[in-house]
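Sharing a structure with you now.
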Amino acid sequence: MEAMLKRELGTGMLKPAGRAAGGCISEGQSYDTDTGRVFVKINHKSQAKLMFDGEMASLEAILKTETVRVPKPVKVIELDRGGCVFVMEHLDMRGLTKYSSQLGEQLGDLHLHNKRQLEKLNKEQQTVGKGAGQSEVAFVEKFGFSVTTCCGYLPQENEWQDDWVTFYSRHRLQHQLNIVEKSYGDREARELWAKLQLKIPQFFADVEIVPALLHGDLWGGNVAECVEGPVVFDPASFYGHSEFELGIAGMFGGFNSSFYSAYHDKIPKAPGFAKRNQLYQLFHYLNHWNHFGGGYRGSSIRIMKELLK
């Protein structure tokens with residue numbers, strides 16, 4: 001693998017730096033090269049390229065907004081014996097402590113970026129001299145993403161939709177429940193979902209939703225800080241409702257009150273936030289059930305019952 005990395009990166013030197021790391025899904029190793037240090041993620045699963053292509057597109061999309069720092073992606077490389085590696089910028093990271101509030105601010109800016117693009121576009125259209133189609137401002141008006149992204153190792157359905165409720169019900173919850181059905185044939189989950197899907201539109205009465213670029217998997221293990229400020233990584237991006245991001249953030253800890261205060265100064269809670277937060281956590285509990293087994297069934301069923309009250 002190292003010979004191939006040297007060739008693909010055009011470097012004479014490739015020297016392992018620091019100790020290897022591993023998460024639930026992939027292994028990682030930093031290397032010193034002729035042009036500086038890089039971080040290499042390795043995954044031997046057959047769907048590794050799909051997963052890393054989605055992660056690379058996610059990092060590129062976040063990078064373009066110039067809001068919150070992410071490692072700069074370099075290259076996705078297929079391995080001769082199956083699997084794939086993903087090369088990105090190496091960052092010296094440590095746990096998030098000092099920059100919690102700054103991360104809240106920057107995440108708010110990320111979520112508002114597309115809305116601000118729309119405002120710029122509207123302003124341009126009111127300015128004399130700008131003809132149709134001449135604008136350089138890119139606004140995304142639908143919900144979804146241009147490529148498949150994976151939350152964990154499971155591919156997400158990112159086909160564009162005009163309507164958020166349709167997108168979230170069909171491409172997030174229904175998709176996960178289809179996998180649950182295939183793996184477990186869980187009758188209770190099936191019956192609860194039949195009722196819940198009819199009720200979902202009620203949670204969005206009077207809420208205006210402009211598509212926001214999301215990290216998509218923002219739990220405490222995917223945030224950190226370096227000397228200059230906060231960093232987020234391992235994204236599973238798409239354009240969705242900004243509140244979706246806070247679903248998993250609240251499930252496993254890792255974010256303190258200064259993070260939330262700074263975030264909600266940018267994007268205040270809309271009426272009905274608490275119920276929608278549960279609805280967004282449901283996706284992640286189902287996704288964990290599909291990744292890690294029945295230990296997450298109880299939480300998935302409990303939330304569905306609570307949302308039906």
So, Gln126 versus Asn122: side-chain donor-acceptor pair below 3.5 Å or not? no
Flag the pair Tyr285 / Ile248 as yes when at least one side-chain heavy-atom distance between them is below 4.5 Å, and no otherwise. no
Could you tell me which non-hydrogen atom of Phe39 sits nearest to which non-hydrogen atom of Ser30, and how far apart they are? CD1-OG, 3.4 Å
Between Leu286 and Leu173, is any pair of side-chain heavy atoms under 4.5 Å apart? yes
Can we say Lys123 and Glu119 salt-bridge, meaning some charged N sits less than 4.0 Å from an Asp/Glu carboxylate O? no
Would a line drawn from the ring center of Phe244 to the ring center of His284 be shorter than 6.0 Å? yes
Which value, rounded to the nearest 0.5 Å, describes the distance between Asn43 atom CG and Leu50 atom CG?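 CG of Leu50 is found 11.0 Å from CG of Asn43.
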Check: Pro235 and Ile62 side chains under 4.5 Å, non-hydrogen atoms: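 Contact flag for Ile62/Pro235 side chains = yes.
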Using the rule given for side chain to side chain contact (heavy atoms under 4.5 Å, CB included), can you reason through Ile301 versus Glu188, listing the C-alpha separation, both sets of side-chain angles and the distance that settles it, and then say yes or no? CA-CA 8 Å; Ile301 297 293; Glu188 191 175 12; 3.7 Å; yes
Say whether Phe139 and Trp160 are linked into one hydrophobic cluster, either directly or through other cluster members, by side-chain heavy-atom distances under 4.5 angstrom.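 The answer is no; the residues belong to distinct hydrophobic clusters.
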If you take the centroid of each ring, where Trp contributes its six-membered ring, are Phe52 and Phe86 closer together than 6.0 Å? yes
Within a radius of less than 6.0 Å around CD of Glu181, do more than 12 heavy atoms belonging to other residues, nucleotides or ligands occur? yes
Are any side-chain N or O atoms of Glu105 and backbone N or O atoms of Ala262, one a donor and one an acceptor, separated by less than 3.5 Å? no
Would you please say whether a donor-acceptor pair under 3.5 Å links the side chains of Gln174 and Trp193? yes
Can you hop from Tyr168 to Val210 via hydrophobic side chains spaced under 4.5 Å? no
Counting only heavy atoms from other residues, nucleotides and ligands, does the tally under 6.0 Å from NZ of Lys64 exceed 12?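 No, because the 6.0 Å sphere around NZ of Lys64 holds 12 heavy atoms or fewer from other groups.
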Does a donor on one side chain sit under 3.5 Å from an acceptor on the other, for Thr149 and Asn158?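 Yes, Asn158 and Thr149 have a side-chain donor paired with an acceptor closer than 3.5 Å.
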Between His288 and Phe252, does the ring centre distance come in under 6.0 Å? yes
Counting N and O atoms only, with roles assigned by atom type, does the side chain of Asp34 sit under 3.5 Å from a partner on the main chain of Gly12, one being a donor and the other an acceptor?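 At least one qualifying donor-acceptor pair exists.
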Rounded to the nearest 0.5 Å, what's the gap from CG on Leu63 to CZ on Arg69? Could you check? 10.0 Å
Closest contact, heavy atoms only, Pro73 versus Met56: CB-CG, 3.8 Å
Go through His113 and Arg116 one step at a time and tell me if the side chain to side chain contact (heavy atoms under 4.5 Å, CB included) criterion holds. CA-CA 5 Å; His113 182 265; Arg116 287 170 176 161; 5.8 Å; no
Heavy atoms, side chains only, cut-off 4.5 Å: are Val231 and Met93 in contact?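 Val231 reaches Met93 side chain to side chain.
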With sequence neighbours left out, which residue pairs that include part of residues 270-293 fulfil the salt bridge (charged side-chain N to carboxylate O under 4.0 Å, His left out) condition? Glu243-Arg276
So, His171 and Gln156: side-chain donor and acceptor under 3.5 Å apart, yes or no?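 The criterion, which ignores hydrogens and geometry beyond distance, is not satisfied for Gln156 and His171.
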Please lay out, stage by stage, how Leu246 and Phe273 fare under the test side chain to side chain contact (heavy atoms under 4.5 Å, CB included). CA-CA 10 Å; Leu246 301 182; Phe273 175 89; 3.9 Å; yes
Backbone of Lys309 reached by a side-chain donor or acceptor of Lys199 within 3.5 Å: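 Pair found, side chain donor or acceptor close to backbone of Lys309.
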Nearest 0.5 angstrom please: Lys72 NZ to His90 NE2, how far?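 Rounded to the nearest 0.5 Å, the NZ-NE2 separation comes to 13.5 Å.
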Nearest 0.5 angstrom please: Leu279 CG to Leu196 CG, how far?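 If I round to the nearest 0.5 Å, the distance is 6.5 Å.
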Are any non-hydrogen side-chain atoms of His111 and Leu213 less than 4.5 angstrom apart? no
Test log, rule side chain to side chain contact (heavy atoms under 4.5 Å, CB included), inputs His44 and Arg81: CA-CA 9 Å; His44 297 286; Arg81 295 181 184 178; over 6 Å; no
Between Tyr296 and His291, is the gap from one ring center to the other below 6.0 Å? no
Please check: side-chain N/O of His215 versus main-chain N/O of Ala236, any donor-acceptor pairing under 3.5 Å?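 Answer holds: no.
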With side chains defined as the heavy atoms from C-beta onward, is the minimum distance between Asp234 and Lys41 less than 4.5 Å?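 With C-beta onward as the side chain, the pair touches.
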Return each pair, listed once, that meets salt bridge (charged side-chain N to carboxylate O under 4.0 Å, His left out) where at least one residue sits in residues 279-291; pairs must be two or more places apart or across chains.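 Sorted result for residues 279-291: empty, none.
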Hey, is Lys15 close enough to Glu2 for a salt bridge, meaning N to O under 4.0 Å? no
Is Glu55 close to Ser237 at the side-chain level, that is, under 4.5 Å between some pair of heavy atoms?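 Of all side-chain heavy-atom pairs linking Glu55 with Ser237, none is under 4.5 Å.
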Got a donor-acceptor contact below 3.5 angstrom from the Gln117 side chain to the Ala138 backbone?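 Yes, Gln117 side chain to Ala138 backbone: donor-acceptor pair under 3.5 Å.
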Could you check whether any side-chain N or O of Lys120 sits under 3.5 Å from a backbone N or O of Val137, counting only pairs where one atom can act as donor and the other as acceptor?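 Not a single qualifying donor-acceptor pair exists.
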Quick one: does Lys75's side chain get under 4.5 Å of Glu8's, heavy atoms only? yes
Residues passing the salt bridge (Lys or Arg N to Asp or Glu O under 4.0 Å) test with Lys266, sequence neighbours excluded, are Asp109
Point-to-point distance, once rounded to the nearest 0.5 Å, from CG of Asp217 to CD of Glu245: 9.0 Å
Count the heavy atoms of every other residue, nucleotide or ligand shown that sit under 6.0 Å from CD of Glu66, and state whether that count exceeds 12. no
Decide if the gap between the ring center of Phe238 and the ring center of Phe167 is smaller than 6.0 angstrom. yes
Minimum heavy-atom separation for Cys226 to Arg94, with atom names?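 Result for this residue pair: O-NH2, 4.1 Å.
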Tell me whether Asn287 contacts the main-chain N or O of Cys151 through its side chain, where contact means a donor paired with an acceptor under 3.5 Å. yes
All salt bridge (Lys or Arg N to Asp or Glu O under 4.0 Å) counterparts of Asp162, not counting sequence neighbours: Lys142
Is Leu96 reachable from Phe233 through a run of I, L, V, M, F, W or Y residues, each pair having side-chain heavy atoms under 4.5 Å apart?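 No; tracing contacts between hydrophobic side chains, which count when under 4.5 Å, never links both residues.
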Report whether Tyr99 and Leu107 are members of the same hydrophobic cluster (ILVMFWY, side-chain heavy atoms less than 4.5 Å apart, transitive linking).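 Yes, because Tyr99 and Leu107 connect within a single hydrophobic cluster, where side-chain heavy atoms sit under 4.5 Å apart.
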Side chain Gln161, main chain Phe143, donor-acceptor under 3.5 Å: no
Rounded to the nearest 0.5 Å, what's the gap from OG on Ser169 to CH2 on Trp164? Could you check?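 Reported value, rounded in 0.5 Å steps: 9.0 Å.
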For Met4, what are the other residues in its hydrophobic cluster, where any two members join if their side-chain heavy atoms are less than 4.5 angstrom apart? Met1, Leu5, Leu9, Leu14, Tyr31, Val38, Val40, Ile42, Val74, Ile77, Leu79, Val85, Val87
May I ask you to decide whether Arg302 forms a salt bridge with Glu306, counting only side-chain N to carboxylate O separations under 4.0 Å? yes
Close aromatic pair by centroid cut-off 6.0 Å: Tyr280 and His241: yes
For Cys84 against Val76, the heavy-atom pair lying closest together: SG-CG1, 3.6 Å
Contacts of type side-chain hydrogen bond (donor to acceptor under 3.5 Å, both in side chains), residue Gln29, not counting sequence neighbours: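 Partners of Gln29 under the side-chain hydrogen bond (donor to acceptor under 3.5 Å, both in side chains) test: none.
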Would Leu118 end up clustered with Ile209 when hydrophobic side chains under 4.5 Å apart are linked, directly or stepwise?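 Each belongs to a different hydrophobic cluster.
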